[in-house]
Trainee: 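Take a look at the following structure, please.
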Amino acid sequence: MKKTILAMLLALPMTMFAQKIGHVNFETVIQGMSEYTAAQTEFQNLQKQLSEEMQRKQTEFQTKSEAYDKEKATLSETLRAYREQELQKAYEELSQFAQTCEQELQKVQQTKMGELQEKVLKAVQEVGAAGGFAYILPANGVAYVGTSAIDITDQVKAKVGAK
């Protein structure tokens, strides 16, 4: 009787370690999603628009600066100081616009990628629950993936409609 109980106590931890562990490559899933392609296109279009506007503003500033350089020798002290203030203000606005553009691009990218990551995470949770997985780890963050670990990347891709 004691041997039976001892054998059961020794076997109990082994059954606890026999849990299903899976891994998923989030990057592969996200890049295969049609929403990712749409988000990338939207981001690139916004980036192009902002870049074109920045180029226009830089050209405008450069034109004003060159005009000032040509005529500054003939300007009165008051007018020269006024034009320098105008140029300084234009330069500050240009710098502010560049900073605003950068912030806007970061915000759009974070928002879009956050939405995609959320969708993939939900799919991972659904696949994990349906497959009876105890753990699902990101494949590219794991130091070692053994042969008993199950790659569920394709299942998650199917769940989110990725290629």
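Sequence positions, counted from 1, serve as the residue numbers for this chain.
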Trainee: If you measure from NZ on Lys112 to CD1 on Ile30, what distance do you get to the nearest 0.5 Å?
Mentor: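 Atom-to-atom, Lys112:NZ and Ile30:CD1 are 14.0 Å apart.
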Trainee: Check Glu35 against Leu116 and note the closest heavy-atom contact, atom names and distance.
Mentor: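 Nearest heavy atoms, Glu35 then Leu116: CB-CD2, 3.3 Å.
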Trainee: If Ile, Leu, Val, Met, Phe, Trp and Tyr residues are connected whenever their side-chain heavy atoms lie under 4.5 Å apart, and connections chain through other members, are Leu87 and Phe97 in the same group?
Mentor: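 As far as the 4.5 Å side-chain criterion goes, Phe97 and Leu87 are connected within one cluster.
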Trainee: As an exercise, state the distance from OG of Ser65 to NZ of Lys72, rounded to the nearest 0.5 Å.
Mentor: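 Result: 9.0 Å between the selected atoms.
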Trainee: Scan for ring-ring contact (aromatic ring centres under 6.0 Å, His included) pairs involving residues 109-140, sequence neighbours excluded, and state none if there are none.
Mentor: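 Sorted pair list comes back empty.
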Trainee: Please name all residues satisfying side-chain contact (heavy atoms from CB on, under 4.5 Å) with Asp151, sequence neighbours left out, ordered by chain then number.
Mentor: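 Asp151 satisfies side-chain contact (heavy atoms from CB on, under 4.5 Å) with His23, Thr153 once adjacent residues are dropped.
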Trainee: Within the structure provided, determine whether Leu94 and Met54 are in side-chain contact (heavy-atom separation under 4.5 Å).
Mentor: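 They are in side-chain contact.
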Trainee: Does any non-hydrogen side-chain atom of Val29 lie less than 4.5 Å from one of Lys159?
Mentor: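 Answer no - side chains too far apart.
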Trainee: Using 0.5 Å steps for rounding, measure from the CD atom of Gln58 to the OG1 atom of Thr63.
Mentor: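 Reported value, rounded in 0.5 Å steps: 11.5 Å.
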Trainee: Is it the case that over 12 heavy atoms from other parts of the model lie below 6.0 angstrom from the CD atom of Glu53?
Mentor: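 Enclosed.
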Trainee: Look only at the side chain of Thr59 and the backbone of Gln55, and say whether a donor-acceptor pair between them is shorter than 3.5 Å.
Mentor: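 Yes; judged by distance alone, with no hydrogens or angles, the pair exists.
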Trainee: Residues in side-chain contact (heavy atoms from CB on, under 4.5 Å) with Glu84, at least two apart?
Mentor: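 Applying side-chain contact (heavy atoms from CB on, under 4.5 Å) to Glu84 gives Tyr68, Arg80.
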Trainee: May I ask you to check whether over 12 heavy atoms, not counting those of Glu86, lie within 6.0 Å of atom CD?
Mentor: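 Yes.
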Trainee: Evaluate Lys122 against Glu126 for salt bridge (charged side-chain N to carboxylate O under 4.0 Å, His left out), listing each step before the verdict.
Mentor: CA-CA 6 Å; Lys122 184 176 184 241; Glu126 290 173 5; 3.4 Å; yes
Trainee: Measure the CG-NZ distance between Leu75 and Lys70 for me, rounded to the nearest 0.5 Å.
Mentor: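 NZ of Lys70 is found 13.5 Å from CG of Leu75.
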Trainee: How close do Ala123 and Val156 get, heavy atom to heavy atom, and via which atoms?
Mentor: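 Minimum heavy-atom separation between Ala123 and Val156: CB-CG1, 4.0 Å.
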Trainee: Minimum heavy-atom separation for Gln31 to Tyr36, with atom names?
Mentor: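 The answer is CA-CD2, 3.7 Å.
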Trainee: Just by modelled atom types, is the Gly131 backbone N or O under 3.5 Å from a matching donor or acceptor in the Lys20 side chain?
Mentor: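 Yes; judged by distance alone, with no hydrogens or angles, the pair exists.
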Trainee: If every non-hydrogen atom of Lys157 is compared with every non-hydrogen atom of Lys163, which pair is closest and at what distance?
Mentor: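 In this case the closest contact between Lys157 and Lys163 is CE-O, 2.6 Å.
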Trainee: For Gln103, look at atom CD and say whether over 12 heavy atoms of other residues, nucleotides or ligands are found less than 6.0 Å away.
Mentor: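 More than 12 within 6.0 Å, yes.
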Trainee: I'd like to know whether Phe26 forms a side chain to side chain contact (heavy atoms under 4.5 Å, CB included) with Gln117, so could you lay out the CA-CA distance, the side-chain angles of the two residues, the decisive distance to 0.1 Å, and finally the verdict.
Mentor: CA-CA 8 Å; Phe26 285 95; Gln117 289 170 345; over 6 Å; no
Trainee: For a side-chain hydrogen bond (donor to acceptor under 3.5 Å, both in side chains) check, start with the C-alpha distance between Gln110 and Gln106, then their side-chain angles and the critical distance, and finish with the verdict.
Mentor: CA-CA 6 Å; Gln110 287 175 348; Gln106 286 176 353; 5.5 Å; no
Trainee: Can you measure from CG (Leu105) to OG1 (Thr100) and round to the nearest 0.5 angstrom?
Mentor: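 The CG atom of Leu105 sits 11.0 Å away from the OG1 atom of Thr100.
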Trainee: In the single-linkage hydrophobic clustering (I, L, V, M, F, W, Y; side-chain heavy atoms under 4.5 Å), do Leu121 and Ile150 co-cluster?
Mentor: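 Leu121 does not cluster with Ile150.
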Trainee: I'd like to know if Met33 and Ile152 are part of one continuous hydrophobic network [Ile/Leu/Val/Met/Phe/Trp/Tyr, side-chain heavy atoms within less than 4.5 Å].
Mentor: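 Same cluster.
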Trainee: For the CD atom of Gln109 and the CD atom of Gln47, what is their distance to the nearest 0.5 Å?
Mentor: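 Going from CD on Gln109 over to CD on Gln47, the span is 8.5 Å.
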Trainee: Answer whether the closest heavy-atom distance between the side chains of Glu71 and Thr74 falls below 4.5 Å.
Mentor: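 SC-SC contact between Glu71 and Thr74 confirmed.
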Trainee: Please step through side-chain hydrogen bond (donor to acceptor under 3.5 Å, both in side chains) for the pair Gln44 and Gln40, ending with a clear verdict.
Mentor: CA-CA 6 Å; Gln44 289 169 351; Gln40 286 296 99; over 6 Å; no
